[in-house]
K.L.:
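One structure, as structure tokens, below. Some questions next.
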Amino acid sequence: MVTIISLGIQAAEERVFDHPYIEALVVAILLGMAVRTAWEPSERWRSGIAFSAKQLLEVAVMLLGASISFAAILASGWLLIGAIAATVVIMLAVSYGLARLLGLKTKLAILIACGNSICGNSAIAAVAPVIEADGDDIVSSISFTAILGVLMVLGLPLLIPLLKLTATQYGILAGLTVYAVPQVLAATVPAGIVSTQIGTLVKLVRVLMLGPIVVGLSLFVARRRKANTKANTRTGAVDAGAAKAAAISPFKLVPWFIIGFLVLAALRSFQLVPDIAIAPVTKTAAILTVVSMAALGLGVDVRVLSTVGGRVTAAVTLSLMLLLGLSIGLVHFFK
């Protein structure tokens with residue numbers, strides 16, 4: 001029911017504004033939290049909620065690979081691609097460091113860094129299962145990232161006359177700073193079709209960075225888990241049998257859904273995924289993500305937000321301001 005209501009609200013936004021300013025996944029997580037405040041799920045419901053929050057989310061992430069073509073990315077030019085990739089990497093490090101300086105937990109700092117640097121809620125949703133983040137951290141990072149994402153859509157066009165940006169420059173700026181692809185469309189439509197095309201292309205390059213980043217995180221987590229297991233074995237904290245069971249095979253270093261994501265992206269690049277299949281696959285992924293976010297909302301105590309809200313808000317806001325400043329410098333380089 002939460003999913004249906006959330007999709008209905010997004011559909012209403014699309015009819016009125018042409019594009020959703022608040023995506024269904026954000027509505028779903030907020031509605032789920034509201035329901036959780038008034039009703040605590042019994043054991044009967046918890047297994048289904050847990051399945052929706054994890055397994056369905058992993059399927060959704062995998063399906064997103066079918067919408068990405070490596071050929072379209074390469075056509076934009078190596079200089080721009082390199083600049084976008086460098087911006088993402090720099091902001092990942094800066095955002096993570098800033099969040100840690102503000103006292104946030106490691107996993108929450110990673111979620112905020114990935115959300116700000118790559119693609120907002122989608123990046124948070126993709127990274128969360130890899131680093132085994134709990135529902136509270138996911139909700140905290142998504143909630144504030146979502147709010148700032150909407151503010152960016154509304155406020156970014158004001159920079160066009162202020163900074164005297166061309167259509168191409170503004171498109172690059174929007175693609176580098178706005179979180180979600182639908183929000184990029186909403187932010188660039190007022191500036192014309194050229195800004196929309198450039199913004200979407202730049203945004204796709206950022207989204208493509210999600211794959212390598214998640215693979216890298218999965219390798220790091222696997223190596224750290226293996227090192228901890230060896231340390232516990234040496235100190236006698238676990239027996240040899242437990243250590244052997246915890247050993248990680250090469251096939252488990254990368255989550256199955258990330259492998260699926262890269263395979264589908266490769267198939268799409270070689271035109272083995274027909275164009276007619278893209279829309280239904282993307283729509284299915286979007287619906288599954290909304291279901292997962294509703295499940296996350298249902299599993300979170302809203303009081304957690306009050307304990308980390310100020311620090312999370314500061315981390316997300318400062319990171320976004322730094323990203324905006326770096327991106328403005330970049331667009332002036334691409335005259």
Side-chain angles (χ1 to χ4, degrees), residues 23 25-26 28-30 32-33 36-37 49-50 53-54 57-58 60-61 88-152 177 179-180 206 209-210 212-225 228 255 257-258 289 292-323:
E23 295 176 286
L25 65 86
V26 176
I29 202 168
L30 294 176
M33 290 166 58
R36 175 65 176 81
T37 302
I49 292 173
K54 187 177 187 298
L57 181 57
E58 292 173 346
V61 172
V88 170
V89 172
I90 291 171
M91 287 309 305
L92 277 171
V94 171
S95 297
Y96 174 78
L98 183 60
R100 293 292 287 158
L101 285 175
L102 290 170
L104 299 182
K105 297 182 297 182
T106 299
K107 291 181 180 180
L108 180 55
I110 292 174
L111 292 179
I112 290 174
C114 291
N116 270 310
S117 307
I118 306 175
C119 51
N121 300 327
S122 298
I124 293 171
V127 169
V130 174
I131 64 173
E132 299 177 349
D134 58 37
D136 293 337
D137 288 344
I138 298 172
V139 169
S140 298
S141 53
I142 282 182
S143 297
F144 295 105
T145 300
I147 293 171
L148 287 180
V150 174
L151 293 178
M152 283 293 292
T177 56
Y179 292 140
R206 283 178 71 196
M209 289 291 293
L210 182 59
I213 295 299
V214 173
V215 170
L217 282 172
S218 67
L219 293 172
F220 173 77
V221 170
R223 179 177 297 178
R224 191 170 183 178
R225 187 184 296 116
N228 290 339
F257 61 93
I258 296 302
T289 302
S292 298
M293 293 302 103
L296 283 174
L298 288 170
V300 170
D301 187 347
V302 71
R303 289 173 296 183
V304 174
L305 293 179
S306 64
T307 64
V308 297
R311 288 175 291 144
V312 173
T313 303
V316 176
T317 303
L318 291 175
S319 296
L320 183 58
M321 292 301 100
L322 290 172
L323 174 61

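Because the structure is predicted, anything quoted here is derived from the model rather than measured. Basis for what follows: all heavy atoms, side chains included, without hydrogens, waters or symmetry-related copies.
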K.L.:
Do Ile112 and Tyr96 have side chains that get closer than 4.5 Å, going by heavy atoms?
P.N.:
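The answer is no, as the side chains (C-beta and beyond) never meet within the 4.5 Å cut-off.
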K.L.:
Atom CG of Leu217 and atom CD1 of Ile110: how far apart are they, to the nearest 0.5 Å?
P.N.:
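Nearest 0.5 Å value for the CG-CD1 distance: 6.0 Å.
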K.L.:
Report the distance from atom CG of Leu104 to atom CZ of Arg311, rounding to the nearest 0.5 Å.
P.N.:
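Answer rounded to 0.5 Å: 5.5 Å.
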K.L.:
With side chains defined as the heavy atoms from C-beta onward, is the minimum distance between Ser117 and Leu323 less than 4.5 Å?
P.N.:
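Side-chain contact under 4.5 Å: no.
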K.L.:
Rounded to the nearest 0.5 Å, what's the gap from CG on Asp137 to CD on Glu132? Could you check?
P.N.:
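Going from the CG atom of Asp137 to the CD atom of Glu132 covers 12.5 Å.
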K.L.:
Would you find a donor on one side and an acceptor on the other, under 3.5 Å apart, between the side chain of Thr317 and the backbone of Ala314?
P.N.:
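No, the answer is negative, given that no donor and acceptor are paired below the 3.5 Å cut-off.
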K.L.:
State, to 0.1 Å, how close Cys114 and Ala123 come at their nearest heavy-atom pair, and which atoms those are.
P.N.:
O-CB, 3.5 Å
K.L.:
For Cys119 and Leu210, work out which heavy atoms get closest and say how close.
P.N.:
SG-CD2, 4.3 Å
K.L.:
Once you round to the nearest 0.5 Å, how far does CG of Leu98 lie from CE of Met321?
P.N.:
12.0 Å
K.L.:
Heavy atoms, side chains only, cut-off 4.5 Å: are Leu111 and Ile131 in contact?
P.N.:
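A side-chain contact exists here, since the closest heavy-atom pair is under 4.5 Å.
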K.L.:
Is there side-chain contact between Ile124 and Tyr179, with heavy atoms separated by less than 4.5 Å?
P.N.:
no
K.L.:
Under 4.5 Å between any side-chain heavy atoms of Asp134 and Lys105, yes or no?
P.N.:
yes
K.L.:
Just so I know, are the side chains of Asn116 and Met91 near enough to count as touching, which here means a heavy-atom distance under 4.5 Å?
P.N.:
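No, side chains not in contact.
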